[in-house]
Amino acid sequence: MNAIQQHMLDLYVAARTDTAPPPRPGDHDLRVLLEARVHRRVLAVFAGRRTGDPAAGAGRASC
């Protein structure tokens with residue numbers, strides 16, 4: 001069963017049980033990718049590594 005078939009089945013079950021329908025496949029992919037990037041940067045900061053963000057040191061003068 002692929003994602004579309006599973007979604008159609010979930011929609012049918014939601015309609016029969018009067019519950020909220022599930023989100024369409026792929027609706028939250030961009031949000032998940034952005035949150036994963038933020039999470040990876042937070043872990044890097046906790047580990048004391050550079051985040052690779054060029055804007056992070058833009059306000060500091062070089063010594």
Side-chain angles (χ1 to χ4, degrees):
M1 179 179 299
N2 63 25
I4 299 299
Q5 292 170 337
Q6 181 65 47
H7 180 68
M8 290 172 59
L9 180 62
D10 291 343
L11 282 175
Y12 173 76
V13 170
R16 299 279 302 201
T17 59
D18 291 330
T19 59
R24 293 176 300 180
D27 273 355
H28 301 293
D29 289 353
L30 182 60
R31 183 186 312 173
V32 169
L33 290 174
L34 292 175
E35 288 179 7
R37 184 176 65 173
V38 169
H39 180 70
R40 188 175 64 236
R41 286 182 178 174
V42 167
L43 290 179
V45 168
F46 285 151
R49 296 188 312 259
R50 292 182 57 107
T51 61
D53 186 10
R60 291 185 278 174
S62 61
C63 295

> Is a side-chain N or O of Glu35 found less than 3.5 angstrom from the main chain of Val32, in a donor-acceptor match?
Replying inline: no
> Looking only at heavy atoms, which two atoms of Ala14 and Pro22 are closest? And how far apart?
Replying inline: CB-CD, 4.4 Å
> Are any non-hydrogen side-chain atoms of Asp10 and Gln6 less than 4.5 angstrom apart?
Replying inline: yes
>> Applying side-chain contact (heavy atoms from CB on, under 4.5 Å) to Met8 and Ile4, what does each step give before you reach the verdict?
In response: CA-CA 6 Å; Met8 290 172 59; Ile4 299 299; 4.1 Å; yes
>> Show every side-chain hydrogen bond (donor to acceptor under 3.5 Å, both in side chains) that has at least one partner inside residues 21-33, sequence neighbours left out.
In response: Arg24-Asp27
> Do Val38 and Leu30 sit in the same hydrophobic cluster, where Ile, Leu, Val, Met, Phe, Trp and Tyr count as joined when their side-chain heavy atoms come under 4.5 Å apart?
Replying inline: no
